[in-house]
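Working notes for the structure below.
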Amino acid sequence: MIIDLFAFPLFTLSVCLIGLGFWQLACKGAGVSTDGLPAFILPLLGAFTIGLVAMLVNFFSGTAISFSYGVLLALLIYGFVSIRKDDVRGLVVVCLLAALCTPLAADMQPGPDAALYHLPHQKWIREHAIVFGLANLHGRYGFSSYLEYVNSLLWVGEAFKLLSYMTAVFFVSFLSFLYFAISSQFTVSRFFAILMAVNVLVYDRYFIWKYGYADSSAGVAFALSVALGILTLEAQVRSSTERSGLLLALLIVSAMSIALKVSSAPIVASVLYVFFVASKKPGTSLLKLARIAVLPATFALFWTLRGVIVSGCMLFPASWSCLDVPWSAELQAVKQAQWVTAWARHPHAGLYSLEDWSWISNYWLEASTNLLVWLTVAALATSCVAILYRRYLTAERVPRLDALMLSMVVLASLSLWFLKAPTDRFGIGVFMVAAPIFTICVLGSPVFSPGLKTRILSIALIVLLADNQGGFSIKGLLRFQLLTVPAVKTVSDANFGVRPKSGGGDCWTATHCAPSDRPAPAEKSGYMFFELPSE
């Protein structure tokens, strides 16, 4: 772990510099100022950029080629030469927080979903140009979290240390937000950060840190999208300087949040509202707002096109979004959506749990007791902290429309979670923000000037949060793991590729591996097609 203590901050710095290089180009394209970008956004921008390069390259070839790494290296160098004095302090803070989170990054394990479809899917992305109807080969490939594209460029042979590092970078970004917001002059953002820290500290099992899962990364991205929305709204009112850069950052992070996990879609309402408020500010140019939206809108267009190619659906597994194309995986979309919901509601009842609401009393309430209790305790702790602050300080009310919008986004997210996938790891993002949002909407935010005591508070909360998720130990410092995965024994498949010799379809990194009952592929114009046979 001593090696990790240097390697992980260096990796985090590299991701930030890639994000900074991309940011400079994005701002020039949108015609907005590059000033005033909070450092906590840089790790997210870096992750977004790595995934963007992989996604675009994958339209033409496998991603693991020198061109992909050349582009990232060029962006890293451009980010390095673009560093200004204002950026240095933020980057130092991010790197120190990365060092604090070293235990989290050092020993992270892949988790069972990595064997089932995350690593196999990344191997497809690394080795093949985008595959038409890949979801027909394996239904889980249709979900295609954006993290698959990010991680596809981070393999070192078949050692996966950098995948664990990237997953931990999202938590570093969360801690960086707390430090920035608690130390800032923005009243609502500061108090929201304090309450979110208390909320996560009380129930520190929100996260599942496995580099073969996208849930924690997607949860952090969703929470920071909400936080960026609050910050941008506040900046529009409090700051006399132009804050167009925050709008662009909000759009990029929110778009990535949805690409990481489609259940983050309610954040769209928040983004539209923030843009509406920005458009009403005197002197705001609608043309400039349109230019700001071009890059995120283009990304959304390419992401949707990628979804249509991979599954025939614009928003897999929503079957209503599936198009009438030969490679459409509409049947897989219906099947996957049903089984995910059924498993989350009552894994022992199969699809019967979709027929009525008996799953709540028969299984879910008892199985979710611990979650519900701790969510309640965390919410009570959050409320108590707010009441204590309010007792001694003057409170600033959140504007009514802002409060209504934030509450509706949280309620929509909670409803979507409960109806479609009511298990703990699918609700990480909304659990992080729900109690803090409702609290500031009802009780307001206390007004106080940040000083030494506030900084000490932020550092204390950050250290406790980092220790809860990783935890330093002298003994652990002497250990270093390459983080490799087992080789699975396979047998030839009658139609295509191979399948596991035994077990439940865990392919790990075996090439062209998937469960049985798959279609045989066709090749057209250099692209592979998996089409279901017509009945």
Side-chain angles (χ1 to χ4, degrees), residues 104 108-109 111-113 145 167 170-171 174 192 195-210 212-226 257 260-267 337-350 352-354 356-386 407 409-439 461 464-465 467-471:
L104 175 65
M108 192 182 298
Q109 297 302 302
D113 281 359
S145 170
T167 303
F170 282 83
F171 188 65
F174 170 62
F192 174 70
L195 295 183
M196 189 156 58
V198 171
N199 178 34
V200 175
L201 188 61
V202 171
Y203 186 42
D204 60 359
R205 295 184 182 179
Y206 282 135
F207 304 108
I208 298 177
W209 294 116
K210 305 285 186 182
Y213 286 177
D215 305 289
S216 293
S217 302
V220 170
F222 176 83
L224 292 184
S225 297
V226 174
S257 175
L260 284 167
K261 192 172 278 288
V262 70
S263 58
S264 297
I267 200 67
Q338 287 180 339
W339 277 109
V340 167
T341 301
W343 170 81
R345 288 181 175 184
H346 191 338
H348 310 298
Y352 292 111
S353 60
L354 303 179
D356 55 38
W357 297 95
S358 60
W359 56 272
I360 298 176
S361 56
N362 290 346
Y363 172 83
W364 189 81
L365 282 176
E366 182 178 355
S368 304
T369 297
N370 186 63
L371 172 66
L372 296 175
V373 168
W374 278 106
L375 286 178
T376 303
V377 171
L380 289 174
T382 302
S383 301
C384 288
V385 169
S407 298
V409 167
V410 170
L411 287 172
S413 298
L414 286 172
S415 299
L416 187 63
W417 168 78
F418 183 73
L419 293 174
K420 293 297 182 182
T423 193
D424 50 1
R425 69 184 177 97
F426 294 154
I428 293 172
V430 69
F431 296 158
M432 290 173 68
V433 302
I437 287 294
F438 289 138
T439 302
L461 288 171
L464 289 171
L465 284 166
D467 184 65
N468 276 359
Q469 299 305 316

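None of these values were measured; they are calculated from a predicted model.
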Mind checking whether Thr167 and Met108 have side chains closer than 4.5 Å, heavy atoms only?
yes
Taking side-chain hydrogen bond (donor to acceptor under 3.5 Å, both in side chains) as the test, write out the residues that go with Ser264, two or more places apart.
Ser257
How close do Leu416 and Ser263 get, counting heavy atoms only, and between which atoms?
CD2-O, 3.5 Å
Is any side-chain heavy atom of Val200 closer than 4.5 Å to one of Phe431?
no
Has Arg205 got a side-chain atom pairing as donor or acceptor with Trp374's backbone, closer than 3.5 angstrom?
no
Could you tell me whether the side chain of Ser413 and the main chain of Val430 form a donor-acceptor pair under 3.5 Å?
no
Report the distance from atom CZ of Phe438 to atom CG of Leu195, rounding to the nearest 0.5 Å.
13.5 Å
Any side-chain to backbone donor/acceptor pair from Ser145 onto Lys261? Under 3.5 Å, distance only.
no
Whether Phe207 and Trp209 hold their rings parallel, tilted or perpendicular, with breakpoints at 30° and 60°
parallel
Parallel, tilted or perpendicular, as decided by the 30° and 60° cut-offs, for the rings of Phe418 and Trp357:
parallel
If only atom types and distance count, is the side chain of Thr369 paired as donor or acceptor with the main-chain N or O of Glu366 below 3.5 Å?
yes
Is there a donor-acceptor contact under 3.5 Å from the side chain of Ser216 to the main chain of Tyr213?
no
Using a 3.5 Å distance criterion without hydrogens, assess whether the side chain of Asp113 forms a donor-acceptor pair with backbone atoms of Gly212.
no
Report yes or no: does Gln469 contribute a side-chain atom to a donor-acceptor pair with the main-chain N or O of Leu104 at less than 3.5 Å?
no
Has the side chain of Arg345 got a donor or acceptor atom that lies under 3.5 Å from a matching backbone atom of Trp359?
no
Check whether any side-chain N or O of Trp417 sits under 3.5 Å from a backbone N or O of Thr423 as a donor-acceptor pair, and report yes or no.
yes
Report the relative orientation of the aromatic rings in His348 and Tyr363; use parallel for angles under 30°, tilted for 30 to 60°, perpendicular for over 60°.
perpendicular
Give the C-alpha distance, both sets of side-chain angles, the deciding distance and a yes or no for side-chain hydrogen bond (donor to acceptor under 3.5 Å, both in side chains) between Tyr206 and Asp424.
CA-CA 8 Å; Tyr206 282 135; Asp424 50 1; over 6 Å; no
State whether the side chain of Ser368 and the backbone N or O of Leu365 hold a donor-acceptor pair below 3.5 Å, judged by distance alone.
no
From Asn468 atom CG to Leu201 atom CG, the distance as rounded to the nearest 0.5 Å
5.5 Å
Quick one: CG on Asn199 to CG on Leu380, what's the gap to the nearest 0.5 Å?
11.0 Å
Just how far is it from atom CG of Leu375 to atom CG of Asn370, taken to the nearest 0.5 Å?
9.5 Å
Would you indicate whether the side-chain heavy atoms of Tyr203 and Val377 approach each other to under 4.5 Å?
no
Could you tell me the separation between the CZ atom of Phe222 and the CG atom of Leu260, rounded to the nearest 0.5 Å?
12.5 Å
So which heavy atom on Gly219 is nearest to which on Met432, and how close?
O-SD, 4.0 Å
